[in-house]
Amino acid sequence: MSISIDRRQFLMGSTALLAAAAAGVGPAMSQETRMRLIFWGGQARADRTYGVTDLYTKANPGTTFDGEFLAFADYWPKLATQTAGGNSPDVIQMDYRYIVEYAKRNAIAPLDEFIGNGLNLDDFDKDQLDGGKVDGKLYGISLGANSTAIMVNTTAFEEAGLELPTRDLSYADLPAMAEKWNSSSKRAGMKLWSDYSGGEPGLENWLRQQGKALYTADGLAGFTAEDITNWFQLWADLRAADVIVSPDDQALDATDAIENTMITLGKAPITYANSNQLIAFQAVNKDKLTMTNYPRIKAGSGGGHYRKPSMFFSLGASSKQQAEGAKFIDFFISNPDAATILGVERGIPCKASTRDAIKPSLDEQSLVALNFVSNLGDLLGALPPSPPSNAGEVGVALKTKSQEVAFGQQSPQDAGPAFFAQATEILARAKS
């Protein structure tokens with residue numbers, strides 16, 4: 001057995017290193033297998049990830065990792081530089097938004113040859129498997145499934161003597177619920193609902209319930225100007241019915257940081273979010289929170305939600321350790337001890353056996369997230385195509401236009417066609 005101390009092990013400690021030291025084994029001059037692993041995330045994700053690499057090195061003597069993690073915004077420029085220069089990490093954390101781009105420029109390697117040969121995907125969720133495919137080849141293994149959700153302040157609802165929103169709630173139900181809330185709430189100035197007219201996931205969910213889409217497979221708008229007009233009008237009506245927070249309050253949530261959301265600021269007991277964020281929301285909220293689905297457009301409608309791969313592990317195309325990398329990915333998604341360390345921080349595990357393995361160790365919020373994503377029922381629709389490269393610019397334009405409507409600078413009837421023209425121009429520019 002050979003041991004190597006890298007910077008991460010020195011700063012954070014390594015169970016593999018400590019075990020070797022206790023056994024009296026000293027550092028060796030060389031390693032049989034040394035892999036580079038890169039991912040985005042904070043210290044909590046790093047602690048979990050490195051806990052699994054330590055398990056792997058204990059089970060596979062002679063293998064070591066050079067791990068690196070960065071903030072999301074810093075991650076992509078560095079990864080682009082490394083892959084373009086032929087210095088690709090062996091195991092790469094990949095995002096659904098970028099997997100097509102990286103696969104098409106041969107920066108990540110197909111995984112198909114390793115299926116059944118180091119990579120066991122027998123009980124892997126099909127929608128998550130399909131999400132990692134590009135042109136019929138598998139380029140990424142989903143590390144967790146997420147879905148959009150609304151966070152709900154259960155304490156505030158209990159104080160008001162109102163029942164929590166259920167999975168059958170529709171947008172048409174909100175005015176009557178708000179009337180009860182406004183007369184019963186014990187918290188001055190708190191409105192029932194956040195204003196999500198500028199939220200791209202909310203618009204997408206609403207469109208999908210009508211059989212439409214935010215983006216088509218070829219990167220164009222999957223909606224019409226009339227659709228956007230109706231979307232802005234829906235929120236204008238909710239604003240007029242005193243359902244949602246004021247434009248000034250909603251403007252406080254300019255960055256989408258959890259600390260600035262309406263639920264955390266005490267402006268509303270309901271905020272739009274993602275299922276894997278419940279733990280993070282609860283960490284900064286004293287009141288007890290839970291979550292449920294987005295409202296239906298009408299009673300009985302469904303299909304707006306989908307289970308999005310939160311992120312993937314891919315293999316670097318220039319890696320000389322692809323077989324070992326595939327073996328590590330299999331360990332990461334399948335080993336029960338690894339699954340217990342990882343929990344649901346990256347989303348709900350995609351293997352049924354892994355989900356079963358972690359259930360006994362999950363805390364209350366993690367169990368809520370697991371059960372929510374696993375039981376979407378009639379709310380669940382197909383995974384949409386990967387969004388176009390400049391979809392973020394469209395999202396910014398939607399938020400800006402929604403604020404103009406909220407502050408009375410434009411009517412929904414004017415804002416709908418204006419946004420549609422802007423979104424169409426942005427998407428067309430990406431194709432030129």
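Since this is a predicted model, take the numbers as computed values, not measurements. For the single chain, residues carry numbers from 1 onward in sequence order.
- A salt bridge links Lys126 to Asp130: at least one charged side-chain nitrogen sits closer than 4.0 Å to a carboxylate oxygen.
- Using a 4.0 Å cut-off between charged side-chain N and carboxylate O, Glu158 and Lys288 make no salt bridge.
- In this structure, the side chain of Ser386 engages the main chain of Tyr96 through a donor-acceptor pair within 3.5 Å.
- Under 4.0 Å is where a charged nitrogen must lie from a carboxylate oxygen, and between Asp112 and Lys137 no such pair does.
- For Glu404 and Lys399, the salt-bridge test fails: no basic side-chain N is under 4.0 Å from an acidic carboxylate O.
- Aromatic ring centres of Tyr98 and Phe312: separated by at least 6.0 Å.
- For Arg429 and Glu393, the salt-bridge test passes: some basic side-chain N is under 4.0 Å from an acidic carboxylate O.
- Classification of Arg167 and Asp378 as a salt-bridged pair holds, one side-chain N sitting under 4.0 Å from a carboxylate O.
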Check against side-chain contact (heavy atoms from CB on, under 4.5 Å), Phe328 and Phe313: CA-CA 10 Å; Phe328 169 70; Phe313 266 165; 4.0 Å; yes
Salt bridge (charged side-chain N to carboxylate O under 4.0 Å, His left out) between Glu68 and Lys78, intermediate numbers included: CA-CA 11 Å; Glu68 182 178 16; Lys78 182 159 191 176; 2.4 Å; yes
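- Ion pairing between Asp127 and Arg307 holds under the 4.0 Å rule for side-chain N and carboxylate O.
- Contact check on Asp123 versus Lys351 returns a salt bridge, with a Lys/Arg side-chain nitrogen under 4.0 Å from an Asp/Glu carboxylate oxygen.
- Taking 4.0 Å as the cut-off between side-chain N and carboxylate O, Asp125 and Arg355 count as a salt-bridged pair.
- Salt bridge present: Asp287 and Arg187 bring a charged side-chain N and a carboxylate O closer than 4.0 Å.
- Ring centers of Phe332 and Tyr56: at least 6.0 Å apart, outside the cut-off.
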